[in-house]
Amino acid sequence: MPRVNRTVALSLLIVCSLVFLLFQLYYYRKYVGKTGPHILNPAGHLTTSQVQWQTVKTFLALAQRFRLPLFLADTIALSLLSQDALRQQDLLVREPHCSFLCTGRPVTSFALQANRWKYDPGFLLAAEQKGFELMELRGEDPRLASLDTLSGEQIPLHFLFRLHNYVIQVVFLYERSGNYLWHGPLRLQADMDRSFAPFKLLDYGYHSGAYDRPELILTVLDGLDVRVPRNVSSFVAQQKHARFLECRYREARNFLQLYPDDSSVVAVDFRRKAKTLLHLAARTLTQLGVPFWLSSGTCLGWFRQCNIISYSRDVDIGIFIKDYRPDIIAAFRKAGLSLKHKFGKVEDSLELSFLSDDIKLDIFFFYEDADVWNGGTQAKSGRKFKYIFPRFSLCWAEFLELKVRVPCETLDYVMANYGTTWNIPVTSWDWKTSPSNVQENGVWPVSEWEEVIQVY
């Protein structure tokens, strides 16, 4: 009889153990294996934040092992940081308290400095062995594209690693000739799994992007060693306005087949001087913190033929009047340019023109009221003109080995100025009558001529 009791007791113990194990399995599948907000159980079950932290930790350990030059580029995580937090290293203890990296969304973004890493398939294999699923997205290398050749080489643009329903995005940043970093768009092929990641939540890939090269520092976030931009706020601000447009080399080649570029000594010399002048203008305005964009004929040259229009004889840029600074003239003079004329005033139709090495730099100031417009003034008569544009935003582009802004809605901008025949060269141009968007805008009172018409 005692032997029977021991057998029953042992059986009951085994059954209870199995029930407990099944309960643990059920709990894990129901609460830990799914995304969404979870409550930390006193028994020590993992929360959503802890699962995300473990995923990031595993990924960063792999990245360190294979020497990936990564830095944190997640906009929400970076927005949680402050310069004070980065300075006070003693407050960032090496414990898994997920305050920065667990952002409440199932994706974390890192950037990889592509020029400092040689593609290593071993890294991807090691990630797979750790349980990560991978989606690799490639695209054509625009650095190899030119008017002579169109790029055909594919380069990695984005890696997406998925583990426990969390996604790590790695965006590749490539150095471009304009001394800036560039990333490509994220475009899914027809056979790719569109449910692999929450693509609408990704910080990078909706458009190509351009960035100044950030200075990085190594810090500790949530107990993990992570590189971040030293100037976090500057990087986050750049990310919001990073959209990049490539020059349309294919269309430019077609245009130049119809209208071959002028290769005379005079034309080549003008393009060289115009490039120097544009670089000088960009440095001067960047030092002042004044954003500008390619306008008029210079914008048309970038959009139509990826080059300066040799018969334009000047460089044209635009600046919103809200970004005007009274020390602009002094800054350009200090840079070696002479003021050729100043028309209008800050409140109305301001226009500046500088001269450098016989090449003119025209700066048109744009006003935003019911319309978006810039003004013009005829010096001998005081007549005023107004050039109306559709509203536009600004994108980055590369032109003459320089990172510059252009209107994102470039075709609309160009057509406003040059009409539907913008793709046909016009060597004879009258700024008062030729533009499609010009309007008469009255006459300056003679009493104001001394202020609004200054020719040097």
Side-chain angles (χ1 to χ4, degrees), residues 142-151 176-179 245-286 292-318 332-341 351-364 379 397-406 410 414 417-419 421-435 455-456:
R143 298 170 300 172
L144 302 179
S146 69
L147 290 174
D148 299 319
T149 59
L150 297 177
S151 171
R176 297 285 293 258
S177 58
N179 194 32
L245 301 180
E246 291 290 349
C247 184
R248 308 179 321 141
Y249 285 112
R250 192 179 303 277
E251 292 82 356
R253 289 178 70 180
N254 294 337
F255 172 83
L256 292 173
Q257 287 177 355
L258 291 173
Y259 309 101
D261 215 349
D262 186 353
S263 58
S264 66
V265 173
V266 173
V268 171
D269 187 55
F270 167 73
R271 286 195 288 266
R272 177 185 61 81
K273 291 179 178 178
K275 176 181 176 179
T276 300
L277 178 57
L278 183 59
H279 278 247
L280 179 60
R283 285 196 303 272
T284 303
L285 292 172
T286 299
F292 74 95
W293 66 90
L294 303 183
S295 191
S296 302
T298 306
C299 182
L300 175 62
W302 170 80
F303 185 67
R304 187 176 69 185
Q305 57 211 70
C306 301
N307 205 346
I308 287 282
I309 299 175
S310 58
Y311 55 79
S312 63
R313 314 313 301 168
D314 58 14
V315 173
D316 304 309
I317 63 175
F332 275 103
R333 282 175 167 163
K334 184 177 179 181
L337 278 67
S338 58
L339 182 63
K340 189 174 186 296
H341 68 241
E351 175 190 342
L352 300 175
S353 184
F354 296 90
L355 203 61
S356 173
D357 204 4
D358 298 325
I359 306 298
K360 190 156 61 81
L361 171 69
D362 288 327
I363 302 179
F364 303 107
E398 183 175 322
F399 187 54
L400 305 178
E401 298 182 342
L402 182 68
K403 173 176 166 249
V404 293
R405 292 179 181 88
V406 297
T410 321
V414 166
N417 234 173
Y418 299 97
T421 58
W422 61 270
N423 211 25
I424 300 174
V426 177
T427 56
S428 179
W429 185 262
D430 185 333
W431 61 270
K432 302 182 297 299
T433 59
S434 296
V455 180
Y456 298 88

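Atom set for the values below is all heavy atoms of this structure, side chains included, hydrogens, waters and symmetry mates excluded.
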Partners meeting side-chain contact (heavy atoms from CB on, under 4.5 Å) with [X] (sequence neighbours left out):
X	answer
Asp357	Lys273
Ser434	Trp429, Asp430
Ala379	Phe343, Ile453, Val455

Ring pair (Phe, Tyr, Trp, His ring centres under 6.0 Å) involving [X] - partner list, sequence neighbours excluded:
X	value
Phe255	Tyr259
Phe364	none
Phe292	none

**Message:** Donor-acceptor pair, distance only, cut-off 3.5 Å: does the side chain of Tyr418 make one with the backbone of Gly297?
**Reply:**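 Yes: the side chain of Tyr418 pairs with the backbone of Gly297.
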**Message:** So does Arg176 get a backbone contact from the side chain of Arg143, meaning a donor-acceptor N/O pair under 3.5 Å?
**Reply:** no
Find the distance between [atom1] ([X]) and [atom2] ([Y]) and round it off to the nearest 0.5 Å.
X	Y	atom1	atom2	answer
Thr276	Leu280	OG1	CG	8.5 Å
Ser295	Ile363	OG	CD1	11.5 Å
Asp314	Ile359	CG	CD1	8.5 Å
Leu256	Gln305	CG	CD	6.0 Å
Phe270	Leu277	CZ	CG	9.0 Å
Leu278	Asp316	CG	CG	10.5 Å

Only counting residues at least two apart or in another chain, list the ones meeting side-chain hydrogen bond (donor to acceptor under 3.5 Å, both in side chains) with [X].
X	answer
Asp362	Ser353, Lys360
Thr298	none
Ser177	Glu398
Tyr311	Arg304

**side chain to side chain contact (heavy atoms under 4.5 Å, CB included) partner of Phe303, chosen from Leu245, Val414, Leu294** =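 Option passing the side chain to side chain contact (heavy atoms under 4.5 Å, CB included) with Phe303: Val414.
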**Message:** Applying disulfide (SG to SG under 2.5 Å), can you list everything that pairs with Cys299, at least two apart in sequence or on another chain?
**Reply:**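 Scan of Cys299 (disulfide (SG to SG under 2.5 Å), adjacent residues dropped) gives none.
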**Message:** List the residues meeting salt bridge (Lys or Arg N to Asp or Glu O under 4.0 Å) with Arg271, not counting sequence neighbours, and say none if there are none.
**Reply:**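 Here the qualifying residues are Asp261.
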Atom of [X], atom of [Y] and distance for their closest heavy-atom approach:
X	Y	answer
Leu400	His279	O-NE2, 2.8 Å
Phe332	Leu361	CE2-CD2, 3.7 Å
Cys247	Trp302	SG-O, 3.7 Å

**Request:** Apply the test side chain to side chain contact (heavy atoms under 4.5 Å, CB included) to residues Arg333 and Leu339: give CA-CA distance (whole Å), side-chain angles for both, the deciding distance (0.1 Å), then the verdict.
**Result:** CA-CA 7 Å; Arg333 282 175 167 163; Leu339 182 63; 3.8 Å; yes
**Side-chain touch Ser338/Tyr456, heavy atoms, less than 4.5 angstrom** = no
**Leu258 side chain near Asn423 side chain, heavy-atom distance below 4.5 Å** =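 The answer is no; the side chains never approach within 4.5 Å.
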**Request:** Would you sort out whether Ile308 and Phe399 count as a side chain to side chain contact (heavy atoms under 4.5 Å, CB included), showing the intermediate values?
**Result:** CA-CA 9 Å; Ile308 287 282; Phe399 187 54; 4.0 Å; yes
**Asked** Is it true that atom NZ of Lys334 has more than 12 heavy atoms of other residues, nucleotides or ligands lying nearer than 6.0 Å?
**Response** no
